Amino acid sequence: MTDPTAGHQGGDHERDGDPSAGPEPRDGAEEPREPRYRVIGTPSPAAARTMLAAPHPGTPGGPPEPRPRELPAEPDDPARAKRAERIVAACFLIAFLAGLGFIAAYVIFPVHSIQRVVNSNLALGLTLSLVFLGLAAGAVFWVRNVMPWVVLTEARKPLRSSEEDRAAFQETFQQGTEASQFVKRPLLRRTLIAATVPVAVAPILLLRDLGPLPRKTLDHTVWRDGMRLLNYGINRPIRPADFSSPGGMITVVPDGFQDDFNALAKAACIIIKFGPNQLEFTSKSSPVDGKVVENWTVDNIVAYSKICTHVGCPAALYEQTTHHILCPCHQSTFDATRGAKVIFGPATRALPQLPMTVDAQGFLVAKHDFTEPVGPSFWERGPST
Amino acid sequence: MTVNRAIGGTGNWLDERFRGAKGLRAVFKKLYPDHWTFLLGEIALYSFIILVLTGTFLTFFFKPSMTEVVYHGNYLKLDGLHMSEAYASTLNISFDVRGGLLMRQIHHWAADLFLAAIMVHMIRVFFTGAYRKPREVNWLIGIVLFTLGLIEGLFGYSLPDDLLSGAGLRILQGVIQSIPIVGTYGSYFLFGGQYPGHSIIPRMYILHVLLIPGLFAALIGAHIFIMYHQKHTQMPGKGRTNKNVVGAPAFPYFAAKTTALFLFVFAVVTLAGTFAQINPIWLYGPYNPLAISAGSQPDFYMGMLEGALRVMPAWQWVVFGHTFAFNVFIPGLLPLGFIFTAAALWPFIEQWITGDKTEHHINDRPRNAPTRTALGLAVIAFYGVLWAEGANDLIAQHLDISLYTVTWIARIAVIVVPILTYIIAKRVCLGLQRKDIHLMEHGVETGIIRQLPNGEFIEETRPLDDERLAKIARPEPLELPAGTTEAAAEEVPPPGMRGGIGRVKARLNKIVTETVPMNGHGANGHGPNGHGEHAAIGSGDRDQGEGDGGSDHHG
Amino acid sequence: MRAITARRRPAAGYGVILLALLVAGLCYGTITGIGSASAAARSVGSGPLTAEGKSIFNQQCASCHGLFAQGVQDTAPSLIGVGSAAVDFQVSTGRMPAKEPAAEQPRKPITFTPRMIRAVSAYIASLGGGPATPSAAEVNPSGANAGLGQQLFVASCAQCHNFVGAGGALTYGKYAPPLTKSTPRQIFEAMLTGPEAMPVFNNTTITPQEKRDIIAYITRTRTEPNPGGFSLGRVGPVTEGIVAFVGLMLFMVLASMWITAKHRKTHD
């Protein structure tokens, strides 16, 4: 039995905050209306005037008062709506046919070759696109032209809770805290906190075995004394007499590691053939940053690490005319006649030079590993040699 | 009738268990303000849903493994080559699964659209001041979503282990390695040892399909719920106040519109997946750490980081046997880190400077917050210069500019262009404000020329209609804390404005709130012809900066 | 001189001088040809083709390359020892004769007939040997291993020319040109002779068979259809990003505007 005098105070608030603004405002003429509150259960003025004893909507014992209509049932312009209805139907029909087309295309068009995938992708994609376009366009025409145009207004309640609610929450929280004894018993509190601290570290600890520690592995590559330089991809060792055209450049990898990406990511090199008197062997500047070509060449063939010292892309681009090695990622540029010294770009270190000699069979081999770490800089890396 | 009964029956069954009538009615009746810019966030949302749908399909076929296999599928050019299972399975999806290529392409286009929509949505929210109280938390969630999106996209396009994305992973590894003290450990833990190792792809996979989408689902859910609970902002206009919401109800209007938008998003990514080839990994070839292509770029949303790496001059310190690789970790961490941190702190900084602690539900027109708009545009300019530099080799190749010249231009532009943008944008905003005042004071020109009895020709104007006026007029003037004007400087300033920090705050306040004051709506006693005395715009209680407090509106 | 020609016709004196010059020139050419670094070449004899080539050379090339093809500082390199392959490449791609000095000579419509090209090639080859123009069989990629070609291409070529040979930027205004129009012979010759800034990949470093593998990869890739739709230039994510914003995002903005557009005030 509803209390006829119960209204909007206390207890159950209407939480949707809808103040029933009356007949729907028309486009262009709406004004914000003040919410009108009526105590539920009290008779409307009209009902109060009636002589009938039967329960009226809104009177005690009767059904709830019918709410005034908020949304119109029909659009304002029936002709326009009718036209739009046909357009919407056509859109949906296209979508329907396209959907069938998609199923058909899936069955009809096979894949398994480039040309077949061309056809299959086109057929499947086109039909699927039409499905979505048809549905989307139909939906928009429908909402804009078939549904009646409506603009409503409702109030915003302030987001801050009412003072009573806040007070009530505060009480509840306070009482709960007191009942839990958390504040009053420091021994419980402190031991609880202490108990949770170590296990909170557990997730971080469990990550330790994600990988080994770097130790000194960044300082070395797989190159060793006597290891042959192989022409990458072809995997053939190289004789200086074969690699004899000045301006030649090729990628080389260590023999035995030609398929090992972990090794290649540090050990890959390029060798470049120069003509006589092009390489600068004499030292002209400070020791840091490798600006001379060390006497590790064979027949004016010099070997540099291919791994850029900026962030590790292969610094592979070689311009024969300028003798520049250019890394295509961030344009670090190295001068191959001067120990791959950096002449432009973000790299700070020269490309390390691989010491080379020839073995008994006349093939190019490494003399020993690089004398400095290869690749991008890192914290533990000291100055270049 | 039976449909009705079916719905009614189901509804009844559910209601008896969940008491949903009142709650569901509230959901149905909720009003949604209607402006096209409010749909931008939904574009991102629906892109996300499409990513989950297409992504699920892809997970049925993709093998996240770096184990080496020999390819014998139907892309015959690569037959017999060694490659990772990940790459081989991607070739398989593209050439041996019906609809596989379409799903791959829709997935990738949807990812691009997702991030593009986030960017545009974020920019809209910033320039309309929709991040202000009570929406600061939502703004922060948005920034986290943006960051997660960048990472998710990076991992996603790196999964196929092709040459292009592999180069990107190498760069990622080099950047991590360069971080002082922890860099080498970070790199070894992420990659499971030396680069490239065998762990990175399976690890990225589980982050990409489980962990990050889970975070997305939770954060997007929170983002939308907060928006729902607080109600969306609205654009200034007739009948719209800070205390109401004007719009159409969710059922059926907003539901229909948002469904239409979802279908459009699906349509556009499907069209793109049909007609625009994206990420043709078969052309790039499998990854190899000693191979690289000219013109290698990451996906566009990582372009700014790439540009930062390219623009940075060679700078490092080697101290006591240790290297500070500034040339790598500064561009890797600083520009984007700065932008995101500044964006995250901005609502609070702005609140601190302006002292504005009121709720805001009406969006600002960007011109009405000149400093905010100018700062935002300057940051966008900074981002844009670095973004363009990321494609410097393609610019050099196709626009016939020397390669190094492009980088030098970028090095200078990255500092000069944002500063210029700030100055110009602020002045433009103030000028637009003056134009608005002019319109309000003098009305719109009608094009009708009349001759007065004394021979003078004037153009008739008519006052703005209510609708237009409501859009232009600023609904609430900024309330400044007392003591920010020079007139009050001789008095003792209030507590917030005292001391070193207080004076900085006062100074910043003056800059941030610089704006052309207006006298509220409507005429100031002017006639529609625009003649008559012009009262000074803005009474003397707000002493603002150069030249805009006077009556130079015919200038 | 008078002693030799005393009782001969006056023109005979000029004939002797011409003969002396010819002998001197031949000796000089032979001497400078010794020791030029290049791979062994088929011997190219002198003959009418060489002479024809020389005359074309003098008219069209000597102004930059010097009368004896010795090169002119800062203008054009020496052609002694470059071989007929280099000439065939440069002239058949239209790069030579160059119209004007530039950081790099672009491909342009050719001005020499095939016979003229053969003639000049023969002449240059006669000056100092050098890599010879490959035969049609030598450059034919049919039956070659495009998979190995792919591996070699990405290791040695893609860093300048891009994954599929779409070209790329070099320094100071130079560029690696796109390979879309290059014939198999031109590709072979370019690898062999290293035109302009391109490195040299001689036949003992990358054998003719391996070169054919690379050519097979290039020609097969460039004619391969794009199953995903329009290729967007095959340059990667930059064009994809442009399409994402200017295509997809713009479409969505327009769609959003349509969805939320108000009616014109047709009803009161």
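Owing to the predicted nature of the structure, the values given are computational and were not obtained by experimental measurement. The chains referred to below are lettered A, B, ... by the order of the sequence lines, with proteins before strands, and numbering in each begins at 1.
Interface residue B/E306: backbone and side-chain heavy atoms are both found under 4.5 Å from chain A. The part of A/T251 that comes within reach of chain B is its side chain, from C-beta onward, which places non-hydrogen atoms under 4.5 angstrom from that chain. For A/F261, the parts sitting under 4.5 Å from any heavy atom of chain B are the backbone and the side chain alike. When heavy atoms are compared at a cutoff of 4.5 Å, B/T184 approaches chain A by way of both its backbone and its side chain. Interface remark: A/V131 contributes no atoms to any contact with chain B (heavy atom separation under 4.5 Å). Proximity to chain A is absent for every atom of B/P331, based on heavy atoms less than 4.5 angstrom apart. Only the backbone of A/A347 has a heavy atom closer than 4.5 Å to any heavy atom of chain B. Contact annotation for B/F326: neither backbone nor side-chain heavy atoms come within less than 4.5 Å of a heavy atom of chain A. Interface remark: B/S199 contributes no atoms to any contact with chain A (heavy atom separation under 4.5 Å). Contact of B/V97 with chain A is made through the backbone alone, with heavy-atom distances under 4.5 Å. Contact annotation for A/V107: only backbone heavy atoms (N, CA, C, O) come within less than 4.5 Å of a heavy atom of chain B. When heavy atoms are compared at a cutoff of 4.5 Å, B/W408 approaches chain A solely by way of its side chain, counted from C-beta outward. With a 4.5 Å cut-off on non-hydrogen atoms, A/Y232 touches chain B through its side chain but not through its backbone. Contacts between A/L326 and chain B at a heavy-atom distance below 4.5 Å involve the side chain alone, from C-beta outward. Contact annotation for B/E389: neither backbone nor side-chain heavy atoms come within less than 4.5 Å of a heavy atom of chain A.
Around the CZ atom of A/R215, the shell of radius 6.0 Å holds no more than 12 heavy atoms that belong to other residues, nucleotides or ligands.
The structure places CG of B/L290 at 8.5 Å from OH of B/Y287, a figure rounded to the nearest 0.5 Å.
Contact tally against chain A (heavy-atom pairs below 4.5 Å) for B/F264, B/Y404, B/Y185: the top residue is B/Y404. With chain B as partner, the option from A/I114, A/L207, A/L264 having the largest number of non-hydrogen pairs under 4.5 angstrom is A/I114. Each of B/L271, B/I106, B/L309, B/T407 has some count of heavy-atom pairs under 4.5 Å with chain A, and the biggest count is that of B/L309. When B/V175, B/N288, B/V328 are compared by the number of non-hydrogen pairs under 4.5 Å with chain A, B/N288 comes out ahead. Ranked by non-hydrogen atom pairs under 4.5 Å with chain A, the options B/A291, B/S187, B/G295 are led by B/A291. Between chain A and the residues B/S296, B/P180, B/S293, the most heavy-atom pairs under 4.5 angstrom are made by B/P180. Between chain B and the residues A/D209, A/L135, A/V253, the largest count of heavy-atom pairs under 4.5 Å involves A/L135. Counting heavy-atom pairs closer than 4.5 Å to chain A, the top residue among B/V182, B/I292, B/V319, B/V318 is B/I292. Chosen from A/W142, A/F109, A/F132, A/W379, the residue pairing most often with chain B at heavy-atom distances under 4.5 Å is A/W379. Your options are A/A137, A/P214, A/A139, and the one with the most heavy-atom pairs under 4.5 Å with chain B is A/P214. Each of A/G125, A/G211, A/A267, A/P314 has some count of heavy-atom pairs under 4.5 Å with chain B, and the biggest count is that of A/P314.
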Inset, instruction - Take A/E380 and A/L218, measure what side-chain contact (heavy atoms from CB on, under 4.5 Å) needs, and give me the verdict at the end. - result: CA-CA 9 Å; A/E380 297 86 344; A/L218 282 169; 5.6 Å; no
Inset, instruction - Please report the C-alpha distance between A/Y106 and A/S120 in whole Å, then the side-chain angles of each, then the deciding distance to 0.1 Å, and finally whether the side-chain hydrogen bond (donor to acceptor under 3.5 Å, both in side chains) criterion is met. - result: CA-CA 8 Å; A/Y106 189 91; A/S120 165; over 6 Å; no
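A/E154 places no side-chain N or O within donor-acceptor distance of the main-chain N or O of B/N244, the cut-off being under 3.5 Å. Formation of a donor-acceptor pair under 3.5 Å by the B/R411 side chain with backbone atoms of B/V311 is found in this model. No donor-acceptor pair under 3.5 Å is formed between the side chain of B/R98 and the backbone N or O of A/L124. Using a distance-only test at 3.5 Å, with no hydrogens or angles considered, a donor-acceptor pair links the side chain of B/Q234 to the main chain of B/V246. Under a 3.5 Å cut-off, the side chain of B/W109 and the backbone N or O of B/A272 do form a donor-acceptor pair.
Comment: B/K238 does not engage B/D465 in a salt bridge, judged by the lack of any side-chain N to carboxylate O separation of less than 4.0 angstrom. A/D219 and A/R381 are not joined by a salt bridge, as no carboxylate oxygen comes within less than 4.0 angstrom of a charged side-chain nitrogen. A salt bridge links B/K29 and A/E70; the closest N-O separation between the charged side-chain nitrogens and carboxylate oxygens is under 4.0 Å.
Neither side chain, B/H361 nor B/N242, offers a donor N or O lying under 3.5 Å from an acceptor on the other. Side-chain contact annotation: B/D161 with B/S84, donor-acceptor N/O pair under 3.5 Å present. No side-chain donor-acceptor contact under 3.5 Å links B/H232 and B/R135.
Using a 4.5 Å cut-off on side-chain heavy atoms (C-beta onward), A/S377 and A/R349 make contact.
With B/F28 as the fixed residue, the ring pair (Phe, Tyr, Trp, His ring centres under 6.0 Å) test singles out one of B/F251, B/F254, B/Y253: B/F251.
Cation-pi check for A/R116 over B/Y75 is not met; the charged atom does not lie both under 6.0 angstrom from the ring centroid and within 45 degrees of its normal.
Aromatic ring centres of B/F95 and B/W282: separated by under 6.0 Å.
Listed by sequence position, A/K306, A/I307, A/H310, A/V311, A/G312, A/C313 are the residues of residues 304-313 of chain A in contact with chain B, using a 4.5 angstrom heavy-atom cutoff.
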